[in-house]
Amino acid sequence: MPVRASIEPLNWENQFFGINSAMVRFDEQAALLTTASLNGWSRVQAKIATHQTQRLDALQQLGFQLVEGEVDLALAVTAVTDPHAEIASDNDIPPLRSLAAQAFSQSRFRAPWYAVDASGRFYAQWIENAVKGTFDHQCLVFRHDNGDIRAFVSLRELNATDARIGLLAGRGAGEELMQAAICWARMRGLSTLRVATQIGNTAALKRYIQSGANIVSTAYWLYR
């Protein structure tokens, strides 16, 4: 099937990663996507629903390759035990950056598509922004007895009803982190908490489902 789409520059990513990249925006009113229109970019991303197999085939014929699958989940915000997470402060940014860089080193920003250290740098910046309240609105942390951070979760209020988990990491702390996220959303009068993870991250999927989440959609990320 022909693919009709526009190509939108990813300005923030281009500045951060130092590459010339863009995102495919599917639009039946747009021009046909061709190799000629794609060749001017060093990296072009596309995200499609997993059931769109004809679009998947068409993109692969244009030179796109599958990078990863993504699962989006949602759960109802209910009353849960408050695990008393702390709000991260600016003093927590250096250790949080280090933890995030290690926890998400194998994301879709990994080599060979991006520089070896790109994924770590991206998520380190994400968690710093969350502490500062930009993009995500807040970062919650749990600490060891000595004060070191052992787990963290960042959260963003999407609208009058929904919140989304941005980053969540901490070995053995999944239940606490989910409870903290639910409490955060409930305190704001929200009714739905959303979260996404890689299809291959079965540990995260199991934790989210055990916490009451249901799968809303699945998608593929492709790069050219």
Side-chain angles (χ1 to χ4, degrees), residues 8 10 12-13 23 25-26 45-52 55 67-88 92 96 99-100 103-104 107-109 122-123 125-142 149-221:
E8 179 182 306
L10 294 169
W12 187 90
E13 287 187 19
M23 185 76 180
R25 302 297 185 192
F26 299 103
Q45 305 176 18
K47 184 181 181 181
I48 64 170
T50 53
H51 70 268
Q52 295 175 316
R55 180 169 285 176
V67 176
E68 73 174 31
E70 182 179 282
V71 182
D72 204 57
L73 305 98
L75 67 154
V77 174
T78 57
V80 296
T81 302
D82 187 349
H84 301 293
E86 296 179 29
I87 298 172
D92 294 317
L96 281 169
L99 290 169
F104 305 105
S107 77
R108 63 185 181 88
F109 298 111
F122 179 83
Y123 289 99
Q125 189 61 53
W126 183 332
I127 202 64
E128 177 174 339
N129 290 351
V131 175
K132 293 178 176 179
T134 59
F135 188 62
D136 284 348
H137 294 135
Q138 207 158 64
C139 175
L140 306 179
V141 299
F142 291 102
I149 296 169
R150 61 181 176 86
F152 64 88
V153 58
S154 68
L155 294 140
R156 174 163 37 113
E157 191 168 344
L158 300 175
N159 50 46
T161 60
D162 293 14
R164 178 172 286 280
I165 292 172
L167 302 180
L168 181 150
R171 189 177 298 277
E175 183 176 3
E176 288 175 286
L177 290 167
M178 289 301 295
Q179 288 177 331
I182 293 168
C183 287
W184 186 91
R186 191 165 185 265
M187 287 177 60
R188 285 157 179 76
L190 307 176
S191 58
T192 302
L193 181 62
R194 301 184 180 278
V195 63
T197 190
Q198 296 165 305
I199 286 177
N201 192 345
T202 54
L205 282 171
K206 183 179 180 181
R207 164 44 52 202
Y208 299 147
I209 291 169
Q210 286 179 338
S211 297
N214 292 309
I215 294 174
V216 174
S217 63
T218 55
Y220 292 133
W221 281 95

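- Residues that satisfy the salt bridge (Lys or Arg N to Asp or Glu O under 4.0 Å) test with R186, not counting sequence neighbours, are absent from this structure.
- The shortest non-hydrogen separation linking I182 to V77 is O-CG1, 3.7 Å.
- Annotation for W12 and Q125: closest pair CZ2-CG, 4.4 Å, computed over non-hydrogen atoms.
- Taking CD1 of I127 as the start and CZ of F152 as the end, the distance is 5.0 Å to the nearest 0.5 Å.
- Of the possible polar contacts, one joining the T134 side chain to the N129 backbone as a donor-acceptor pair under 3.5 Å is found.
- A tilted orientation is assigned to the rings of F109 and F122, their planes being inclined by 30° to 60°.
- Using the six-membered ring where Trp is involved, Y123 and F104 have ring planes that are tilted, between 30° and 60° apart.
- Taking all atoms of both residues into account, the shortest heavy-atom contact from P83 to F142 is O-CE2, 3.5 Å.
- In this structure, CG in L167 is found 10.0 Å from CZ in R156, a value given to the nearest 0.5 Å.
- The backbone N or O of D162 lies less than 3.5 Å from no partner atom in the side chain of T192, so there is not a single donor-acceptor pair.
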*Which is it for V141 and E86 under the side chain to side chain contact (heavy atoms under 4.5 Å, CB included) test, yes or no, and what are the steps along the way?*
CA-CA 5 Å; V141 299; E86 296 179 29; 4.0 Å; yes
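- In this structure, M23 CE and F26 CZ are separated by 7.5 Å, a value rounded to the nearest 0.5 Å.
- Counting non-hydrogen atoms of other residues, nucleotides and ligands closer than 6.0 Å to CD of E175 gives a total of 12 or fewer.
- Of the inter-residue distances, the one linking L193 atom CG with T161 atom OG1 reads 11.5 Å to the nearest 0.5 angstrom.
- The one candidate from Q45, K47, R108 that meets the side chain to side chain contact (heavy atoms under 4.5 Å, CB included) condition with V67 is R108.
- Note: M178 CE to L168 CG = 7.0 Å, rounded to the nearest 0.5 Å.
- No more than 12 heavy atoms of other residues, nucleotides or ligands lie within 6.0 Å of CD1 in I87, so this atom counts as exposed by the packing criterion.
- Considering every non-hydrogen atom in both C183 and V80, the closest pair reads SG-CG2, 3.6 Å.
- The OG1 atom of T197 sits 13.0 Å away from the CZ atom of R207 when rounded to the nearest 0.5 Å.
- Nearest heavy atom pair, residue G170 against residue L177, reads N-CD1, 4.3 Å.
- Annotation: side chain of D72 is in contact with side chain of R164 (closest heavy-atom distance under 4.5 Å).
- At distances below 3.5 Å, not a single donor-acceptor pair connects side-chain atoms of E176 with backbone N or O atoms of A173.
- With a 4.5 Å cut-off on side-chain heavy atoms, L73 and I215 count as touching.
- Annotation for C139 and V131: closest pair CB-CG2, 3.9 Å, computed over non-hydrogen atoms.
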